[in-house]
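Order of listing sets the numbers, starting from 1, for every ligand and every atom in it.
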Amino acid sequence: MATRRTALGAGLGVLGATLTTGAALLPTALRHRAEGEPARTGTKAPARAVTVSETDRFRVAMPVPPVLRPVSTRGGRDVYDITMRPAECEILPGVRTGVLTYNGSFPGPTIKARSGRPVVVRQRNRLTMPTSVHLHGAAVTQENDGDPMDTIAPGADRIYHYPNRQPHASLWYHDHAHHMEAEHVYRGLSGSYLLTDSVEQALPLPSGPYDVPVALRDVHIDGAGDLAFSMGDPERTTIVANGKAYPYFRVAARKYRFRLLNSSNIRAFDLRLSDGSDIIRIGSDGGLLPRPHTTDRVFLSSGERADVVIDFSRYPVGTEIVLENSAPPGDLARIGQVLRFDVDRTAPDASRVPSVLRSLPRLPEPTGERTVKLTMAPPQAFMDDKVYDPGRIDAFVRYGASEVWTVVNANEVFPHNFHMHLVQFRILERNGQTLPPSDAGLKDTVNLMPGETVKLQATFDRYRGTYVYHCHMLDHSAMGMMATMKIG
Ligand code: C2O
Ligand code: CU
Ligand code: CU
């Protein structure tokens, strides 16, 4: 049982060893801006990073991104309009930061879709750079996949068709313009796309206001209040949840479902609750796991999703529980806390986590095998020793094939991960060992620590065409760790 004191105590226990001093005070210039004075112009801003000190955290509520309303629901499909445009937002309290957005929202608005009901999104690019919108985890035709080279020019519009002919899953959409995906996503071009179906709807899981998407990421904000971007920047050490640094989130003493998304460019999260208590893992990239499992930590590399249920009924009203992270880079004093759950009321709870969540189709007999090797030697990164060339086909896959891909992270220091467009795959083994239960579901992105090998099986029976696969640590894909497969 964690009271406010023990929860805080546990948090400090973890953080105490690496507490740093003076890391976090805002420069005077920023304080003035925070009080309403115009930003200074014409002077070169100090490059020093700004963040929120440990004593100033949890003062801002974590917002839930707005759910986008369709402009039309006629003809059996939902039509949405999105404008990509610059905006300002307060990631740090009182500091205005310029971001790139879908509809002015950081992160972008959530699209809610249902299997079997198509979605059409008109994307209007009102930025100064070409963009390309990819729906991560979705099976769509090549023209609608947001290929790196298939961009929307500044000022132009483009219509994307999403058939939603796939089971429920917590998908997300983000920029994918060649060489620019890393910076564009970092500056804000990402949002959630929650696809549901009758299998998921039939379950008594927490729903409505108790089903909350949470996009986690990091930022590096410089002394001028701007997002600093450089490839591989280890100074991205301010942790952000749904667009706010170290927010609190008020919860009732009951069960909640959280759809965690790691939308960071590089950072992985190794999450736990500050009192070490149970988290029920119910889903991953491609929707619900066959069965829930209880754990005290959730690991998410860039682009991965985890669906979890946390039961706050075990805490008395007034308890504060911090969601903590232990994955580097950065001092734990900076990166060790993510957000705080404040249990502020009781509420009735008819929800349950059933012991069986879904069944997955049996894997077909594999029809072939191939190996993919990930390596990086900054400033270049490679897939099978080659830098991405959009004019080259790296893998020819027969339509209908079900292939086992052995993916090797051949680096000794850099973690990588591996994401395929078009398919949801199954992980077969990791380093020759049997899998943890969190790997048992449908996946589109899989983490590989230095030296690790993962075997996965993917079935290419959806669409013909060319699609990319890449490391989803987007600074790496932008440096070349990406390749093209042609299904035909
Ligand atoms: Cu999340 Cu190629 O993308
Ligand atoms: Cu993708
Ligand atoms: Cu990588």
Lys/Arg cation over aromatic Tyr246: Arg334, 6.0 Å, 45° cone =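 Verdict for Tyr246: no cation-pi partner in Arg334.
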
Are Arg236 and Tyr186 in a cation-pi contact, defined as NZ or CZ under 6.0 Å from the six-membered ring centre and within 45° of the axis?
-> yes

Among Gln457, Glu365, Arg426, find the one that has a side chain to side chain contact (heavy atoms under 4.5 Å, CB included) with Ser402.
->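 Answer after filtering Gln457, Glu365, Arg426: Gln457.
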
Presence of salt bridge, Arg124 and Asp81, under 4.0 angstrom |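 Result for this pair is no, no salt bridge flagged.
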
Option passing ring pair (Phe, Tyr, Trp, His ring centres under 6.0 Å) with Tyr210 (candidates Phe258, Phe249, Tyr256) =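 For Tyr210, the ring pair (Phe, Tyr, Trp, His ring centres under 6.0 Å) test succeeds with only one of Phe258, Phe249, Tyr256, which is Tyr256.
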
Neighbouring protein N, O or S atoms of the Cu ion (ligand 2), below 2.8 Å = 2

Protein N/O/S atoms closer than 2.8 Å to atom 1 (Cu) of ligand 1 |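 You should have found His136 ND1, His174 NE2, His472 NE2.
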
Please lay out, stage by stage, how His472 and Trp172 fare under the test ring-ring contact (aromatic ring centres under 6.0 Å, His included).
-> CA-CA 13 Å; His472 213 288; Trp172 62 302; 5.5 Å; yes

Can you tell me how far the CZ atom of Arg305 sits from the CG atom of Leu171, to the nearest 0.5 Å?
-> 6.0 Å

Might you work through the salt bridge (charged side-chain N to carboxylate O under 4.0 Å, His left out) test for Lys443 and Glu304, ending with a clear yes or no?
-> CA-CA 8 Å; Lys443 294 284 291 169; Glu304 285 186 297; 2.7 Å; yes

So Tyr162 and Tyr160, would you call those rings parallel, tilted or perpendicular, with 30° and 60° as cut-offs?
->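 Geometry flag for Tyr160 against Tyr162: parallel rings.
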
